[in-house]
Amino acid sequence: MTDFDRTRTFFHLPDGLVYLDGNSLGPLPVAVPKRLERMLRSQWGEMAIGGWNRAGWIDAPRRVGDRIGRLIGAEPGHVVAGETLSIKVFQALAAALHLRPDRCVILSDRGNFPSDLYMADGLARLTERHEIRVVDPEDVEAAIGPDVAVLLLTEVDYRTGRLHDMARLTRAAHAAGALTVWDLAHSAGALPVDVVAAGADFAVGCTYKYLNGGPGAPAFVYVAPRHVDRVEPSLAGWLGHAAPFRFEARYRPGAGIDRMRVGTPPILQLAALDAALDCWDDVDMADVRRASLSLQKTFITEVEASCPELSLASPRESARRGSQVSFRHPEGYAIMQALIARGVVGDFRAPDLLRFGFAPLYIGDADVRRAAQVLAEVMHGRLWDHDAYRAVAAVT
Ligand SMILES: *Cc1c(COP(=O)(O)O)cnc(C)c1O
């Protein structure tokens with residue numbers, strides 16, 4: 001059993017703050033500043049260029065990738081870290097499309113994060129032969145037709161927390177001859193994920209949300225072993241080359257997942273992420289899921305009992321939710337500002353969503369009850385600034 005009283009000591013959070021925004025940026029693990037300080041002095045400071053070999057910087061994307069892989073059920077050697085999630089979406093999607101040359105539709109849903117859709121759109125305009133079909137989340141399965149090359153979905157909806165059934169949709173895609181690219185931005189570190197059991201072809205995700213890697217932390221990409229040696233990298237960077245230090249004029253893809261590397265990895269961010277991943281060493285994701293659902297249930301029950309003006313925007317059935325809960329209110333922006341001013345940090349997503357993320361590693365039952373109580377005080381006293389709402393309404 002995971003001891004969450006212990007994991008709470010792993011994070012730096014100011015006293016009195018209830019932090020329910022780890023789905024946007026995870027808090028600072030206390031191990032990170034120490035590790036970075038040591039790494040800067042003993043590696044960059046002492047070794048300079050020698051750090052690439054002596055400190056193993058060159059292999060850091062694979063080393064850290066394997067640690068993430070363990071949290072998403074990937075086989076060792078099939079996840080690599082680097083770049084940003086938007087870039088990894090592009091890379092994985094391009095690779096998947098290349099494996100289905102006879103088809104031209106990219107299928108996604110309206111709940112997907114805009115950057116994923118923008119990247120797909122940019123890629124389709126570049127190839128001039130692909131098109132994007134975007135349907136409602138509940139209509140995805142029925143829309144997987146014989147022309148679909150790739151299903152591009154985010155498992156957990158960033159606005160509502162709605163959870164797709166990854167195994168079921170992957171099966172449906174495969175039955176129709178399509179491949180899948182799963183975005184795990186709101187899944188990795190939030191709930192149990194098993195890319196192998198689900199049969200996922202490609203998966204991508206970021207590490208600054210539930211994995212606490214820090215602002216701008218590198219993203220990751222997984223490619224199923226059955227595909228990886230057939231992948232033709234569209235972003236053919238020198239560090240994805242089979243022999244980068246031969247500086248050959250022609251690109252040859254590296255072995256396995258190494259071909260999904262692009263350029264020089266962000267070594268400082270990888271060191272911070274590596275230290276942050278220590279938090280997960282003794283953590284069982286099934287315990288995280290149980291604890292997260294219990295926190296969400298407490299929050300929903302308390303908020304619905306005391307704030308009838310707020311309506312639940314997330315699925316009511318816990319099995320259909322990721323690790324966040326959202327409520328709607330037309331003045332959601334101003335209400336969230338009032339909460340933040342009172343030490344309860346969630347966030348707002350236009351046009352009307354108050355979004356709260358639940359990460360049991362550093363959030364306990366008392367935090368959730370306090371958040372619900374502060375929200376009730378704000379609602380009952382109408383303690384928000386109506387002008388703040390008008391200001392944001394004017395620009396959106
Ligand atoms: C957070 C998030 C992103 C952000 O992409 P970056 O390139 O890291 O800025 C993309 N897609 C999804 C689904 C996200 O939740």
Side-chain angles (χ1 to χ4, degrees), residues 20-27 61 64-65 68 71-72 79-94 96 106-123 132 134 137 140 150-164 166 169 180-191 193 195 200 202-222 234-235 237 260-263 265-266 268-270 272-273 276 313-314 321-326 346-350 353 355-359:
L20 303 177
D21 209 5
N23 50 332
S24 211
L25 177 69
V64 173
I68 300 164
L71 298 173
I72 62 166
V79 176
V80 72
E83 293 80 41
T84 76
L85 177 51
S86 304
I87 300 286
K88 288 313 191 204
V89 167
F90 184 95
Q91 251 190 327
L93 180 59
I106 302 162
L107 178 63
S108 191
D109 74 55
R110 282 180 230 294
N112 208 344
F113 190 78
S115 199
D116 296 41
L117 297 176
Y118 302 159
M119 280 293 175
D121 187 51
L123 181 54
I132 310 178
V134 180
V140 168
V150 178
L151 189 56
L152 171 68
L153 294 176
T154 297
E155 189 187 21
V156 178
D157 186 303
Y158 74 104
R159 277 178 298 211
T160 63
R162 191 259 319 114
L163 178 66
H164 270 312
M166 182 160 130
L169 289 172
T180 55
V181 175
W182 284 99
D183 190 328
L184 305 175
H186 293 271
S187 309
L191 51 134
V193 178
V195 288
F202 295 82
V204 294
C206 57
T207 62
Y208 49 80
K209 292 172 182 163
Y210 291 96
L211 295 177
N212 314 302
F220 64 87
V221 60
Y222 161 81
S234 55
L235 301 179
M260 298 305 264
R261 294 180 61 163
V262 183
L268 302 185
Q269 293 271 202
L270 281 164
L273 173 59
S314 301
R321 266 197 323 267
S323 207
Q324 66 174 66
V325 171
S326 301
D347 62 18
F348 169 77
R349 285 293 175 265
L353 287 181
R355 197 171 71 144
F356 303 91
F358 297 88

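We count ligands from 1, going down the list as the structure has it; atoms in each ligand are counted the same way. Because the structure is a prediction, the values reported are computed rather than measured.
Listed here is the closest heavy atom pair of Ala96 and Val150: CB-CG2, 3.5 Å. Counting all heavy atoms, side chain and backbone alike, Leu273 lies closest to Gly213 at CD1-CA, 3.8 Å.
Between Thr84 atom OG1 and Tyr208 atom OH the span is 7.5 Å, to the nearest 0.5 Å.
Thr154 pairs by the side-chain contact (heavy atoms from CB on, under 4.5 Å) definition with Asn112, Asp116, Asp183, not counting sequence neighbours.
When each of Asp157, Leu163, Val156 is paired with Thr160, the side chain to side chain contact (heavy atoms under 4.5 Å, CB included) condition holds for Asp157 and for no other.
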Close N/O pairs between ligand 1 and protein, under 3.5 Å:
from	atom 1	to	atom 2	distance (Å)
ligand 1	7 (O)	Thr84	OG1	3.1
ligand 1	7 (O)	Leu85	N	3.4
ligand 1	7 (O)	Ser86	N	2.8
ligand 1	7 (O)	Ser86	OG	2.6
ligand 1	8 (O)	Tyr208	OH	2.6
ligand 1	11 (N)	Asp116	OD1	2.7
ligand 1	11 (N)	Asp183	OD2	3.4
ligand 1	15 (O)	His186	NE2	3.0
ligand 1	15 (O)	Lys209	NZ	2.5

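Gln324 places a side-chain N or O within 3.5 Å of a backbone atom of Arg159 that can act as its donor or acceptor partner.
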